[in-house]
2 protein chains.
Amino acid sequence: MTLTDDSNRTASRTKPRIVGPAVPSSSAVQPLGIGELRIDGGFWADRQQVNSEATLEHIEHWLEKEGWLGNFDLAAAGTLPEGRRGREFSDSEVYKYLEAVAWELGRRPDAALERRFRAVVARVAAAQEADGYLNTRFGRPGQEPRWSQLEWGHELYCAGHLFQAAVARERTAPGADDGLLQIAVRLADLVCEVFSDDGIRGVCGHAEIETALVELARVTGDARYTEQARLFVERRGTGTLKDIEWGRSYFQDDVPVRDGTVLRGHAVRANYLASGAADVASELGDTELLDSLRGQWAQTVARRTYITGGQGSHHQDEAFGEDFELPSDRAYSETCAGIASIQFSWRLLLDRPDAAYADLIERTLYNVVATSPSADGRAFYYANTLHQRVPGAPADPDTPSLRALASLRAPWFEVSCCPPNIARTLASLEGYFATRSEHGLQLHQYAPATIDTVLPGGEEISLRVQTDFPAGGVVTVHVNRDATAPWTLSLRVPQWAGQAELAVSSLDGDETRTPAAGGVEVTRAFRAGDTVTLTLPMTPRFVQPDPRIDAIRGSVAVTRGPEVYALESIDLPAGIDDVSDVVVDVTADPAETERGVIVNLRRRSVDERAFPYAQTIDATSGDPQQVVLLPYHSWAERGPSTMRVWLPA
Amino acid sequence: MTLTDDSNRTASRTKPRIVGPAVPSSSAVQPLGIGELRIDGGFWADRQQVNSEATLEHIEHWLEKEGWLGNFDLAAAGTLPEGRRGREFSDSEVYKYLEAVAWELGRRPDAALERRFRAVVARVAAAQEADGYLNTRFGRPGQEPRWSQLEWGHELYCAGHLFQAAVARERTAPGADDGLLQIAVRLADLVCEVFSDDGIRGVCGHAEIETALVELARVTGDARYTEQARLFVERRGTGTLKDIEWGRSYFQDDVPVRDGTVLRGHAVRANYLASGAADVASELGDTELLDSLRGQWAQTVARRTYITGGQGSHHQDEAFGEDFELPSDRAYSETCAGIASIQFSWRLLLDRPDAAYADLIERTLYNVVATSPSADGRAFYYANTLHQRVPGAPADPDTPSLRALASLRAPWFEVSCCPPNIARTLASLEGYFATRSEHGLQLHQYAPATIDTVLPGGEEISLRVQTDFPAGGVVTVHVNRDATAPWTLSLRVPQWAGQAELAVSSLDGDETRTPAAGGVEVTRAFRAGDTVTLTLPMTPRFVQPDPRIDAIRGSVAVTRGPEVYALESIDLPAGIDDVSDVVVDVTADPAETERGVIVNLRRRSVDERAFPYAQTIDATSGDPQQVVLLPYHSWAERGPSTMRVWLPA
């Protein structure tokens with residue numbers, strides 16, 4: 001949806017405490033925080049529960065087992081670098097874990113979890129040096145000097161994740177006496193001193209600290225951090241980092257941020273940087289930078305994004321490829337890039353609530369964030385391929401896997417950024433679902449939920465959202481409280497829906513409409529008992545790719561609502577051995593059944609040749625057979641199999 | 001062609017000295033060496049001349065400039081490791097250069113080049129240690145210990161290239177007093193001692209020494225080297241190397257060589273290993289191993305090879321992908337993998353002269369080996385993409401480029417295996433063109449050539465091959481000498497030809513035939529003045545891919561004879577901006593003109609969308625326009641451009 005007047009930015013008159021990630025000082029719309037919106041059940045509540053009950057404990061277990069928590073103890077004991085374990089960025093996984101637990105405690109107080117949180121904070125605190133420096137990998141005798149490895153050292157990146165943990169804690173437990181915010185502030189003060197224009201005029205090879213500094217400024221009120229973030233954003237693209245095999249675009253150090261036209265290089269770094277730049281621009285009112293970021297976002301979505309919302313097609317440098325370079329079988333689509341993309345989209349949405357941002361967030365949530373973790377929350381995909389050519393082997397349950405190994409989901413990785421990133425995202429997921437403005441409330445994502453909030457003008461709102469989305473397409477918003485004045489309920493109509501049906505049932509009179517993709521607004525002095533029902537068409541459909549995406553030419557995918565479907569070899573009928581041998585019959589629409597979506601497939605038999613290129617290559621097709629497709633996010637839950645999202649037509 | 005009785009292996013009765021790469025002690029057919037077959041002009045003579053006049057000097061210049069030659073001087077002076085430059089395998093580039101020069105001196109004696117050769121050998125000799133060890137990167141105080149880095153150290157790999165240089169020298173200048181063979185023998189003796197079953201039971205991460213040891217055994221007569229090669233081949237696949245992110249398949253250490261079913265992992269390593277295994281099997285009569293290698297070759301060609309003959313689709317690990325994972329835009333197709341594939345194919349051909357091996361050699365020569373070097377012989381492609389999406393920048397003329405940078409051809413690389421590999425291949429190219437057996441002579445590749453040889457039975461043969469292939473398809477073999485008894489001239493009919501025309505003009509009577517792909521044999525007591533003319537159809541054609549190659553579904557390529565053609569943006573007519581915007585009209589056959597091959601293209605205009613996947617995506621095509629395609633090997637010679645081999649149909 002696009003607000004009629006988006007220049008009317010909503011500065012909080014009442015300055016309510018908003019408990020969630022990314023809370024701009026002012027923005028077109030304000031996020032509803034944890035507590036204001038509670039997810040009551042369904043698809044995402046299930047995943048939040050698994051995250052709460054299994055994933056958080058699983059992560060702490062591995063942080064301990066791999067010695068990444070122990071590194072802080074060694075630092076405190078003065079016995080580093082001997083005994084240090086893990087990669088150069090392992091500290092950050094501890095911080096992302098702390099952030100996840102902080103959000104979780106905000107959602108659901110738990111004395112045992114609180115104790116665990118404080119115990120980890122205490123171990124981190126003990127490792128901080130007198131001047132505020134905190135990193136287990138640098139600066140001690142026998143280690144490389146502080147700030148000497150800006151390309152690959154991840155020192156500022158780790159600092160950023162520490163700040164985000166402290167921000168989450170301060171938002172969920174303001175003034176808590178655990179000391180985490182003070183640890184962050186001392187390190188942030190040191191960073192501002194060291195990286196001022198009178199100091200090291202550099203940036204970190206992995207963007208992250210930019211958004212974290214702005215968020216830290218938001219909770220502390222210290223504008224120095226925003227200024228430091230601005231410096232980091234402005235320096236990026238001026239070639240302060242060394243050139244490398246994949247070019248400075250890997251670090252986004254090739255072109256100044258505001259001169260970019262599309263996201264490029266390492267897909268996580270690019271999205272974190274864009275998020276940080278959006279935060280800086282939002283705080284400083286830098287509309288030129290925001291305009292540039294909006295343009296980059298649009299180009300990236302139109303030309304460098306998978307149907308799943310996943311981003312980044314290169315394994316080698318974990319990078320975006322060129323425009324339309326989107327292979328299915330070598331899709332990298334890193335879980336963390338999906339999460340970072342959601343953060344970027346969300347920041348643009350807060351500045352200008354266009355439905356396109358929420359569309360991409362929805363797509364990425366259902367097809368990347370929901371795909372990475374296993375159903376039990378104890379194994380993860382680091383990369384999310386769209387075409388698995390050979391069945392993956394089960395991952396080693398006791399040893400960290402390699403990041404993009406062709407295996408089933410793995411419990412842990414040598415580079416284990418994804419598990420705690422999933423955890424912090426699920427634990428703060430409410431923060432991405434709805435916003436408010438002077439005019440009313442905007443629902444961007446659909447889930448069973450309870451909403452109790454106050455508009456900036458003081459209007460109190462109490463709603464209950466009832467739906468089984470995405471199983472079904474009916475979303476009913478029940479109004480629980482009489483309004484004192486008219487306000488606007490805005491509901492997103494996703495692009496995939498094309499058109500929706502809206503029914504308002506009210507004491508003041510019923511109404512129906514058929515809103516087009518984008519959104520629909522209902523403005524009323526709502527009365528308790530009113531309902532607004534949005535019905536989204538959930539018919540499964542064949543989807544075609546832009547013909548410039550060479551890798552999937554002549555293929556179709558099946559989608560239903562926001563979910564992309566996949567064919568797994570385990571579901572093939574007798575006579576079809578592998579997902580590489582199928583042709584889909586596009587003349588028969590995909591059909592919804594209780595088992596999944598049914599399509600008609602034929603077995604394609606190819607004339608086996610000595611050389612696979614010739615003037616004519618004969619292929620014959622067998623009789624059509626009905627085959628079930630399941631949502632992509634559920635694939636590889638039933639053992640090793642081959643899989644494909646795009647089906648040759 | 002397949003000989004009627006390939007069990008009748010041709011052991012040289014007269015033991016003629018064969019001057020070329022890969023000379024088995026016995027094999028179904030024997031290679032004709034340099035001197036027995038001389039390329040007199042045309043496509044390959046031009047490239048050999050550039051190699052001789054420009055590339056060899058260019059390589060020596062860079063070896064000196066980068067200090068890779070200087071490393072040997074530092075070693076001799078005892079001032080290593082200080083000052084050492086280059087990667088861990090830089091010694092091997094010096095050795096490949098020596099091999100190239102040795103072959104070149106065999107083709108064309110040149111006193112100045114001979115002096116340069118000896119000067120480099122003397123510098124290498126001075127660096128050899130008392131016990132025969134020779135490597136500038138290991139074993140000295142301050143360096144890692146000898147043989148401590150089998151996964152990545154390339155010590156045995158470097159030794160292998162030294163041996164191949166010494167073999168080339170001994171074949172072209174037997175008994176030369178430069179000492180190169182003695183250097184190789186001393187190091188080989190040390191390797192046999194250290195890597196016996198009583199010593200280090202390991203292998204090198206990069207196969208190469210296996211084929212080199214067998215070749216060294218062939219020139220020295222010392223069977224210990226073959227036995228050591230056998231040990232290395234048998235140990236491979238037993239997991240003696242550490243596991244790595246990409247799996248032990250990267251080193252081919254996942255499965256014993258004889259249990260393999262397809263080439264896998266790093267494409268250069270895989271082909272060098274297969275070549276070495278074929279050499280071992282040939283020397284030891286291990287038909288089981290040879291059968292396995294033939295099967296692996298066939299599977300690799302049918303499922304893991306580009307239309308150019310190029311192999312290896314992964315940038316990250318320079319590896320083969322899975323079956324049918326052959327993206328054009330991320331084609332790695334490393335030049336050295338193409339060369340290594342030719343070596344493997346050639347060894348299988350010598351054991352069983354099936355035309356399929358020579359077909360792949362031809363394809364790889366014209367589309368990989370001819371593509372890598374620039375026309376002036378002073379710049380190279382390391383990787384050979386089949387689809388360039390953005391114009392490459394000119395390479396830095398003074399600094400080594402990064403291996404797979406999206407640039408135009410580069411003068412040198414940090415990993416500079418390809419330039420000297422091209423040089424040694426072109427300098428010994430005659431060695432891959434023809435063979436002889438008890439029964440007669442087999443022509444595998446077509447070029448203007450003079451052939452003077454003696455069959456194993458004693459029959460002297462003198463031929464002249466006249467052709468402008470691949471510009472034209474007529475190959476005329478002139479017989480210069482009366483035969484004393486009937487012998488068989490075998491001519492390959494390439495698979496791409498489908499069918500050819502044969503005309504024999506002889507004092508004993510004329511004859512015409514229309515042989516099918518594979519080959520044709522003419523058995524006669526030839527008389528001086530007889531001619532055998534093979535006419536190959538050179539009509540340009542559209543070629544289709546196996547439909548299991550997802551990346552190029554719905555596309556066609558244009559080939560003419562062995563040459564693959566490419567569309568470059570520089571040749572697009574006004575109104576078509578980029579090679580990504582074209583659709584080819586396959587109803588009109590490609591037409592040959594003096595400018596190149598003409599096809600009809602339309603500009604495709606795609607409905608620009610916010611998200612590139614939808615139920616319907618509209619695309620319209622403009623009017624057909626004639627556009628010229630040129631041979632792929634000549635692309636990027638006219639400045640930066642985009643390019644594609646596969647055209648959407």
Side-chain angles (χ1 to χ4, degrees), chain A residues 244-247 298 301-303 305 307 313-316 321-325 327-330 356 359-360 387 389-390 402-405 414 495 498 541-555 557 559 580-581 604 606 608-617 619 646 648, chain B residues 244-247 298 301-303 305 307 313-316 321-325 327-330 356 359-360 387 389-390 402-405 414 495 498 541-555 557 559 580-581 604 606 608-617 619 646 648:
Chain A
I244 58 165
E245 174 166 356
W246 309 311
V301 175
R303 292 166 175 247
T305 300
I307 190 172
S313 64
H314 289 192
H315 280 237
Q316 188 179 34
E322 301 295 340
D323 286 353
F324 304 115
E325 184 186 313
S328 285
D329 51 4
R330 291 288 282 176
D359 279 354
L360 184 67
H387 184 178
R389 290 183 180 274
V390 291
L402 298 155
R403 56 188 178 189
L405 199 72
E414 291 193 359
Q495 189 63 43
R541 289 165 178 169
F542 287 125
V543 170
Q544 310 219 354
D546 187 303
R548 290 169 294 187
I549 307 176
D550 294 286
I552 49 175
R553 177 173 294 117
S555 299
T559 62
S580 66
D581 296 332
R604 180 184 52 207
V606 181
E608 283 282 348
R609 302 182 60 88
F611 192 61
Y613 313 95
Q615 276 188 272
T616 53
I617 292 199
W646 289 98
Chain B
I244 58 165
E245 175 167 357
W246 310 312
V301 175
R303 292 165 175 246
T305 300
I307 190 172
S313 63
H314 290 193
H315 280 237
Q316 187 179 33
E322 300 295 340
D323 287 352
F324 304 115
E325 184 185 312
S328 285
D329 50 7
R330 292 289 282 177
D359 280 353
L360 184 68
H387 184 177
R389 290 183 180 274
V390 291
L402 298 157
R403 57 188 178 188
L405 199 72
E414 291 193 359
Q495 189 65 42
R541 289 166 177 166
F542 287 125
V543 170
Q544 311 220 353
D546 187 303
R548 290 169 294 187
I549 306 175
D550 295 285
I552 49 175
R553 177 173 294 118
S555 298
T559 63
S580 67
D581 297 331
R604 180 185 50 207
V606 181
E608 283 281 346
R609 301 183 62 87
F611 192 60
Y613 313 94
Q615 277 189 271
T616 54
I617 292 198
W646 289 97

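Chain naming here is simple, since letters A, B, ... match the order of the sequence lines and numbering starts at 1 in each.
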- Yes or no on side-chain contact (heavy atoms from CB on, under 4.5 Å) for B:Trp246 and B:Gln316, after CA distance, side-chain angles and deciding distance? CA-CA 9 Å; B:Trp246 310 312; B:Gln316 187 179 33; 3.4 Å; yes

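Here B:Pro648 is the residue among B:Gly321, B:Ala619, B:Pro648, B:Ala557 with the most heavy-atom pairs under 4.5 Å with chain A. No other option in A:Val543, A:Ile307, A:Asp329 has as many heavy-atom pairs under 4.5 Å with chain B as A:Ile307. Counting heavy-atom pairs closer than 4.5 Å to chain A, the top-ranked of the candidates B:Arg609, B:Arg330, B:Glu322 is B:Arg330. Annotation: maximal heavy-atom pairing with chain B below 4.5 Å, among A:Ala614, A:Ala610, A:Pro545, occurs at A:Ala614. Options B:Asp546, B:Asp323, B:Ile552, B:Ile549 differ in how many heavy-atom pairs under 4.5 Å they form with chain A, and the most are formed by B:Asp546.
Partners of B:Phe324 under the ring pair (Phe, Tyr, Trp, His ring centres under 6.0 Å) rule, at least two apart in sequence or in another chain, do not exist in this structure. Taking the ring pair (Phe, Tyr, Trp, His ring centres under 6.0 Å) definition, one finds that A:Phe542 meets it with nothing, sequence neighbours left out.
If you measure heavy-atom distances from B:Arg553 to chain A, the contacts under 4.5 Å come from both the backbone and the side chain. In this structure, chain A has a heavy atom under 4.5 Å from the side chain of B:Asp581, while its backbone stays farther away. In this structure, the portions of B:Arg548 lying under 4.5 Å from any heavy atom of chain A include both its backbone and its side chain. Heavy atoms of B:Pro547 lying under 4.5 Å from chain A belong to its backbone as well as its side chain.
The shortest non-hydrogen separation linking B:Ala551 to B:Ser328 is CB-N, 4.5 Å.
Side-chain atoms of B:Glu325 and B:His314 form a donor-acceptor pair, as typed in the model, at a separation below 3.5 Å.
Not a single donor-acceptor pair under 3.5 Å links the side chain of B:Arg303 to the backbone N or O of B:Ala298.
When side chains are defined from C-beta on, A:Val301 does not count as touching A:Asp359, because their heavy atoms never get closer than 4.5 Å.
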